[in-house]
Every structure is written in C-alpha cells, then in structure tokens.
Amino acid sequence: MKKDLSDYPPFGEVTLKPLPHQGYSNTNYSFEYNGKTYLFRWFGLTDRNREAEFHIQQSAHCAGIAPKPYVLGKDFMISAFVEGEHQCTLGAEELKRLAGVLRMIHALPLEGVPVIDSPKRIKQHTQAVKQALECIANYPKEVVLCHNDLNPRNLIWQEDTLMVIDWEFAGMNDRYFDLAAVCVEFRLNEEMQRVLLEVYFEGKDFSLEKLKAYKVIYKQLCDEWFNNL
C-alpha cells in the first residue's frame, strides 16, 4: 500500500507492508526510507491521548528503553522499527532485566500525563474484586508513570537491550499495577514473583498482599477489555 508522507519531512512516498503479527488496537506496518526501516502504526482506538503517548515514548526513548518516535499524525504514528524477539516465559536473569527497565519507566519525570486509577475502571465488582479493592485501600498509593500494558508482545528482547513498545495506555498509576501485569502475563510462580519484587525494590520493603490484589484488578480489567472487542 502506497502512502504519501511528504507533509512529514524527511519522508516522502513510501510503501507500507503489513506486519505478519498484529495487535488488538492498531494496524501496524513497516516501510523503508533512505536505507532505514520504520514502523507505521495506524490507530484503532479513538479515546487515547496520542500527544501524551508520543511525549511518553520520547522520554522512554531518551532513557534507552523505547524506539524513537518520529511523527505523530492525526491517526497514525511513525517510530523507529526495532528487531528482536518476544518471549512468553522468563528466566531469573531476564526477569531481573525487566525489573530494571520497570524501575526506569517508573522513574521518568513527566508532567501533564493522564492519571489512571485502574481500580475505578472496573465495571463488574465480583467478590474477588471487592476483596482486592478492600486490600488496596489499606495501602498508600504509589503513583508513578506506568506502561499499563506489559504483555509479551509489547516487550522486544535484544541481546543487550529490552525495548518497550506500544505506549498508548501509559499514564500515572500505582506501580503495583505494572508489577501485577508482569506476574499475570508471564505466569510467574511465587518464587519468581519474589525475584521480581526483590530486584525491583532493591532490598526495600514490598507487599505480596498488595501485589496479589492488583493481580485480581489486572485480570478483571483484561477480561472486561477483551469482552468488549
């Protein structure tokens, strides 16, 4: 498919090639221009703050953990195309690397980023959800910048680098939401969950109870999201 990008220097007319594996929210293409490969993401969701997404990805790129974003159009974004692998299971060393990247994400000093209160977004309050909400209410909020969609498809593993992509759900949230997402998406057992938290918190106190509650919240939000597709 041809696309004229001459309104977005330095690009001109390009040929978009659909990626073999697509996500749920966007349609993704690659294209070549002046010897480099780029990612073209055609937005599928209309309720996202794309300016904030672009700004967040810029900051993450400067930290060395995200592809460089080049162009934000009305309904698309162009970023650097990064090669690598997606992994559905993680060993201890990979988990430690991911914990370090999470610390970097959560430490990004950003202003004007959307605030996301994940527990309040739940529509179906099952008994498990109610118990999780009661548990979370007993702990202080630890609000930081979160990615909020840390599934295996959004992590690209390279030899020495871990790149995080698809920042459209990013916003200010409790740090335990991202930690819970990793635990759920990679099906970490109790031992591996402890490894994640011990590395992430660098020897400081953490709460397995709060993590467990946020795992319930994350699972419920995922179920509701996929049911509405």
Side-chain angles (χ1 to χ4, degrees), residues 56-67 84-111 113-119 128-129 131-167 169-222:
I56 291 169
Q57 187 170 329
Q58 278 183 322
S59 297
H61 165 69
C62 291
I65 54 176
E85 298 180 351
H86 301 291
Q87 298 184 196
C88 294
T89 58
L90 301 179
E93 292 306 313
E94 295 158 328
L95 199 56
K96 291 176 183 178
R97 192 198 299 187
L98 177 53
V101 169
L102 279 181
R103 284 202 310 270
M104 295 174 69
I105 293 173
H106 294 170
L108 289 175
L110 296 173
E111 297 181 357
V113 175
V115 177
I116 299 171
D117 192 334
S118 296
V129 168
Q131 292 175 349
L133 293 175
E134 291 175 359
C135 174
I136 290 171
N138 292 325
Y139 289 91
K141 291 184 178 180
E142 302 174 59
V143 178
V144 295
L145 176 73
C146 288
H147 183 276
N148 294 317
D149 192 18
L150 291 169
N151 69 75
R153 301 299 302 177
N154 287 339
L155 300 175
I156 299 180
W157 297 83
Q158 301 172 322
E159 184 175 352
D160 298 316
T161 309
L162 173 57
M163 302 296 283
V164 185
I165 62 173
D166 288 358
W167 294 81
F169 292 102
M172 306 304 292
N173 200 353
D174 193 298
R175 68 176 77 246
Y176 273 84
F177 187 82
D178 270 356
L179 293 166
V182 170
C183 293
V184 172
E185 293 290 348
F186 291 96
R187 300 180 182 179
L188 301 184
N189 59 29
E190 291 185 4
E191 179 182 356
M192 295 299 279
Q193 289 179 41
R194 185 173 288 277
V195 169
L196 173 67
L197 294 183
E198 287 177 348
V199 175
Y200 175 86
F201 285 101
E202 298 181 302
K204 298 178 183 178
D205 290 339
F206 56 81
S207 173
L208 290 172
E209 183 182 52
K210 185 178 180 181
L211 177 70
K212 182 178 179 181
Y214 264 102
K215 286 170 60 179
V216 173
I217 298 302
Y218 180 78
K219 290 177 183 178
Q220 182 64 31
L221 285 172
C222 287

Next on the checklist: Run the salt bridge (Lys or Arg N to Asp or Glu O under 4.0 Å) test against Lys212 and tell me which residues pass, sequence neighbours left out.
Outcome noted: none
Item to check | Smallest separation among heavy atoms of Ile56 and Ala170, with atom names | outcome: CD1-CB, 3.8 Å
Checklist entry - Please walk me through it: do Leu95 and Val182 pass side chain to side chain contact (heavy atoms under 4.5 Å, CB included)? => result CA-CA 9 Å; Leu95 199 56; Val182 170; 4.3 Å; yes
Next on the checklist: What verdict does the side chain to side chain contact (heavy atoms under 4.5 Å, CB included) test give for Trp167 and His147, after you've listed the backbone C-alpha separation in whole Å, the side-chain angles of each residue and the deciding distance to 0.1 Å?
Outcome noted: CA-CA 6 Å; Trp167 294 81; His147 183 276; 3.6 Å; yes
Checklist entry - What heavy-atom pair brings Phe186 and Leu150 nearest, and what distance separates the two atoms? => result CE1-O, 4.1 Å
Next on the checklist: Filter on side-chain hydrogen bond (donor to acceptor under 3.5 Å, both in side chains), then keep only pairs touching residues 200-211, sequence neighbours left out; what's left?
Outcome noted: His106-Tyr200, Tyr139-Ser207, Tyr139-Glu209, Glu142-Lys210, Asp174-Lys210, Arg175-Tyr200
Checklist entry - Can you list every side-chain hydrogen bond (donor to acceptor under 3.5 Å, both in side chains) pair that touches residues 152-161, not counting sequence neighbours? => result Asp149-Asn154
Item to check | Qualifying residues under salt bridge (Lys or Arg N to Asp or Glu O under 4.0 Å), relative to Lys96, sequence neighbours excluded | outcome: Glu93
Checklist outcome for this item: Correct closest heavy-atom pair for Cys146 and Asn173 would be SG-O, 3.6 Å
Item to check | Point-to-point distance, once rounded to the nearest 0.5 Å, from CD1 of Ile136 to CD1 of Ile217 | outcome: 4.5 Å
Item to check | Residue list, side-chain contact (heavy atoms from CB on, under 4.5 Å) with Met104, at least two apart or on another chain | outcome: Ala63, Ile65
Next on the checklist: Could you work out, with side chain to side chain donor-acceptor pair (under 3.5 Å) as the rule, every residue matching Ser59, not counting sequence neighbours?
Outcome noted: none
Checklist outcome for this item: Closest non-hydrogen contact found for Ile156 with Gly84 is CG2-CA, 3.5 Å
Item to check | Ring geometry between Tyr176 and Phe201 (parallel below 30°, tilted from 30 to 60°, perpendicular above 60°) | outcome: tilted
Checklist outcome for this item: dist Arg194:CZ -> Leu211:CG (nearest 0.5 Å) comes out at 10.5 Å
Checklist outcome for this item: Across all chains, not counting sequence neighbours, the side chain to side chain donor-acceptor pair (under 3.5 Å) partners of Glu94 are Gln87
Next on the checklist: Looking at Leu155, is its backbone amide N or carbonyl O close enough to the side chain of His86 to form a donor-acceptor pair, meaning the two atoms are under 3.5 Å apart?
Outcome noted: yes
Checklist entry - Between Arg103 and Val199, is there a donor-acceptor pair closer than 3.5 Å when you use the side chain of the first and the backbone of the second? => result yes
Next on the checklist: Restricting to salt bridge (Lys or Arg N to Asp or Glu O under 4.0 Å), what partner residues turn up for Lys215, sequence neighbours left out?
Outcome noted: none
Next on the checklist: According to side-chain hydrogen bond (donor to acceptor under 3.5 Å, both in side chains), does anything in residues 183-193 pair up with another residue at least two apart or in another chain? List the pairs.
Outcome noted: Glu185-Tyr218
Item to check | From CD1 (Ile116) to CG (Asn148), nearest 0.5 Å | outcome: 4.5 Å
Checklist outcome for this item: Rounded to the nearest 0.5 Å, the OH atom of Tyr214 sits from the SG atom of Cys183 at a distance of 14.0 Å
Next on the checklist: If I take atom CG from residue Leu188 and atom CG from residue Leu90, how far apart are they, to the nearest 0.5 angstrom?
Outcome noted: 7.0 Å
Checklist entry - About how many Å separate CD of Gln58 and SG of Cys62, when rounded to the nearest 0.5 Å? => result 7.0 Å
